[in-house]
Peer 1: 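Dropping the structure in here first, questions after.
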Amino acid sequence: MTIAANPSAAPAAAAPSEAGPSLYAKAVIALFFVVLFIPGSFYVGIRLTPMRVYLLLMFVPMILRLLGDRTVRPTAVDGLVLATIAWRCLGILANHGTEQTVFAVSLFLETSAGYLLGRAFIRSAADFRFFIKCFLFVLLALTPLVLLEFVTHQRVLKNLAGMVLEQVPSPQTAQGMRFGMTRVILAFEHPTVFGAVCAMAFVNAFYVFRIPLNIAFAALVGFLAILTISSSALLTLAMQIALIGYAVVFRKFVRKWVVLIVVSTVLSLSFELLFGMSVLEFVISEVMFNPLSGDSRALHFQFAFREVMRNPFFGVGLGDWGAPFWLSQATDSYWLSLALRYGVPALLLTGLMFGVHFLKVAYATGLNDLESGLRVGYNITFATAMVMFFYTSFFHSTFIFFMMYCGAGAWFYDRHLKNVLRRTSGIPRERRRPGPTLRAAALPAGTRSRPATAGARGVGPGRLGGR
């Protein structure tokens, strides 16, 4: 599997040849990250958050932009996204009836809107770079508040937002403190969630900027993740650093990712055969800062798995499940929570959706060096997020952010010259004359390109266009 043609450490060596995002698109993307980091909610008949208000206001403009963009085409991932969300809503209605209709509708609109927002407003390398830059600059702007929270033991941002919005109580005891230091939470539900959000920015920072800015921003994001004192966040960062190093060292090896997957699988199986435990069990027992937390997660998995076997189709919904009284109802694993709450089909559909999206990005063709470098950062982040979901879960606005990140990667495989020409020419596909290449079709009228020779590395008239 070839993820990039030239995965160098500083792929942003050349500026994008296309025009940058419009002021309208910049405002939409920047405002998304502003509301992402505003904690709290208010009640006006229904519970609203800044993110929900933003999505409600942007829903119609987003749909109109999608319909008016000729470079957008429906993909298999789009269908899987809608099917996955629909199944989750169906699970809510099957477990709770019409009393949770508002929640089911809200779930469908919010999750689909997050994904479609990325599809609509991030359509090029320039758009994607601006998306990541906004993410990083917001983290940079909030760094003083992070340091204040770490030093003063006060939830500074939540206290400020609490003057206007209602706040969910933050962990203040064992979860809020570790080694006598405050675990930073900033605007989110738990320190591990903030650490996971930082991990989503780490690799992208490394590939969006040039040296030394890329190293500086990656170091800043890593520092913020360290302040969460979360073994989950540090484990994710360690995986990402290892993959960056692997991509740089083996940048000229075309099949490096296939080899990595095979070798990792063999080593994992060998570890289990030699030591009698899986890599995940070893991490829980030996790597995590708090072994009791690791044991709790293991117990959560055991009891939750039994509950999934009792309710495999639609899960248990929003109600309580069969956890012992000394365990909380919350689960740290996104994958486990998905199967527990919405059933095994929801887990399989989500895994298929993410898997197809990842492979389509990995196998996308026609990318230049800049775009290939951005793809390396995107795919490393996405792949490590899939692993991170085994021991971390995104909630509410953070999951909407992750769905926008998915939609923000669709341009890698859904923005090709072939698609643009087909939609702008007005000629039906079946009536086109086979033969001319895309390069020839893109030349000015009256200009002819030289026919490809048999020795032109296998690129003939029918390879890039025509049939």
Side-chain angles (χ1 to χ4, degrees), residues 1-22 25-26 29 69-73 75 77 118-136 200-211 213-214 217-218 240 243-244 246-248 250-257 356-385 404-423 437-439 442 457 459 463-465:
M1 176 169 58
T2 304
I3 293 186
N6 184 24
S8 62
S17 57
E18 65 215 33
S22 65
K26 287 182 177 181
I29 296 171
D69 190 342
R70 293 188 173 186
T71 68
V72 176
R73 59 181 177 183
T75 67
V77 179
R119 292 280 276 125
F121 287 94
I122 301 170
R123 302 297 304 157
S124 67
D127 296 340
F128 184 78
R129 294 178 79 234
F130 183 79
F131 171 75
I132 297 300
K133 286 179 179 180
C134 280
F135 187 15
L136 293 168
M200 292 292 297
F202 182 76
V203 179
N204 287 297
F206 189 78
Y207 281 93
V208 161
F209 292 97
R210 296 181 180 182
I211 293 175
L213 267 182
N214 61 343
F217 269 106
Q240 293 177 341
L243 289 175
I244 290 173
Y246 181 82
V248 172
F250 296 98
R251 59 186 177 275
K252 295 182 179 180
F253 185 31
V254 176
R255 299 297 178 185
K256 57 183 172 296
W257 301 108
V356 171
H357 175 69
F358 177 84
L359 291 176
K360 286 177 76 69
V361 173
Y363 282 105
T365 57
L367 305 180
N368 59 34
D369 288 345
L370 169 68
E371 294 165 341
S372 296
L374 294 176
R375 175 172 58 176
V376 174
Y378 183 90
N379 268 349
I380 289 177
T381 302
F382 197 89
T384 52
M404 185 176 181
Y405 187 76
C406 291
W411 68 272
F412 285 109
Y413 54 82
D414 184 31
R415 189 181 175 277
H416 301 298
L417 178 61
K418 180 179 180 180
N419 192 35
V420 176
L421 290 175
R422 183 183 301 159
R423 289 181 178 269
T437 64
L438 288 178
R439 181 174 179 272
R457 300 182 65 180
V459 181
R463 181 69 178 271
L464 298 177

Peer 1: Which of parallel (below 30°), tilted (30 to 60°) and perpendicular (above 60°) describes Tyr246 and Phe250?
Peer 2: tilted
Peer 1: Rounded to the nearest 0.5 Å, what separation is found between the CE atom of Met200 and the OG1 atom of Thr384?
Peer 2: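 It is 7.5 Å, given to the nearest 0.5 Å.
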Peer 1: For a quick test of reading the model, state the closest non-hydrogen atom pair linking Leu370 to Ala125 and the distance between them.
Peer 2: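 Taking every non-hydrogen atom into account, CD2-CB, 4.3 Å.
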Peer 1: Do the non-hydrogen side-chain atoms of Tyr413 and Val77 ever get within less than 4.5 Å of each other?
Peer 2: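 They are in side-chain contact.
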Peer 1: Distance-only, no hydrogens or angles: does the Arg129 side chain make a donor-acceptor pair with backbone N or O of Val208 under 3.5 Å?
Peer 2: yes
Peer 1: Do Tyr378 and Tyr405 have ring centroids that are under 6.0 Å from one another?
Peer 2: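 Ring centres of Tyr378 and Tyr405 closer than 6.0 Å.
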Peer 1: So which heavy atom on Ala205 is nearest to which on Ala218, and how close?
Peer 2: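 Closest approach of Ala205 to Ala218: CB-N, 4.0 Å.
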Peer 1: Please list, chain by chain and in numerical order, all residues satisfying side-chain hydrogen bond (donor to acceptor under 3.5 Å, both in side chains) with Thr75, sequence neighbours excluded.
Peer 2: Asp78
Peer 1: Classify the ring geometry of Trp411 against Phe128: parallel below 30°, tilted from 30° to 60°, perpendicular beyond 60°.
Peer 2: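 Trp411 vs Phe128 ring planes: tilted.
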Peer 1: State, with a plain yes or no, whether a side-chain heavy atom of Phe130 is found less than 4.5 Å away from one of Ile122.
Peer 2: no
Peer 1: Might you point out which heavy atoms bring Arg119 and Ala410 nearest each other, and give the distance in Å?
Peer 2: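 Smallest heavy-atom distance, with atoms named: CD-CB, 3.3 Å.
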Peer 1: For the atom pair CG (Leu374) and CG (Asp369), what is the distance rounded to the nearest 0.5 Å?
Peer 2: 11.0 Å
Peer 1: Using 0.5 Å steps for rounding, measure from the CG atom of Asp69 to the CZ atom of Arg123.
Peer 2: 5.5 Å
Peer 1: Do Arg251 and Val248 have side chains that get closer than 4.5 Å, going by heavy atoms?
Peer 2: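 They are in side-chain contact.
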Peer 1: Would you give the length of the straight line joining atom CD1 of Ile244 to atom OH of Tyr207, rounded to the nearest 0.5 angstrom?
Peer 2: 5.5 Å
Peer 1: Would you give the length of the straight line joining atom CG of Asn204 to atom CD1 of Ile132, rounded to the nearest 0.5 angstrom?
Peer 2: 4.0 Å
Peer 1: So do Asp414 and Lys360 actually touch side chain to side chain, heavy atoms under 4.5 Å?
Peer 2: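 In short, these two side chains do not touch, never coming nearer than 4.5 Å.
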Peer 1: Counting distance only, does the side-chain N/O of Arg375 pair as donor-acceptor with the main-chain N or O of Phe412 below 3.5 Å?
Peer 2: no
Peer 1: Can you give me the closest heavy-atom contact between Leu136 and Ala201, atom names plus distance?
Peer 2: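 Closest heavy-atom pair between Leu136 and Ala201: CD2-CB, 3.8 Å.
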Peer 1: Hey, what do you get for CZ (Phe206) to CG (Leu213), rounding to the nearest 0.5 Å?
Peer 2: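 If I round to the nearest 0.5 Å, the distance is 12.5 Å.
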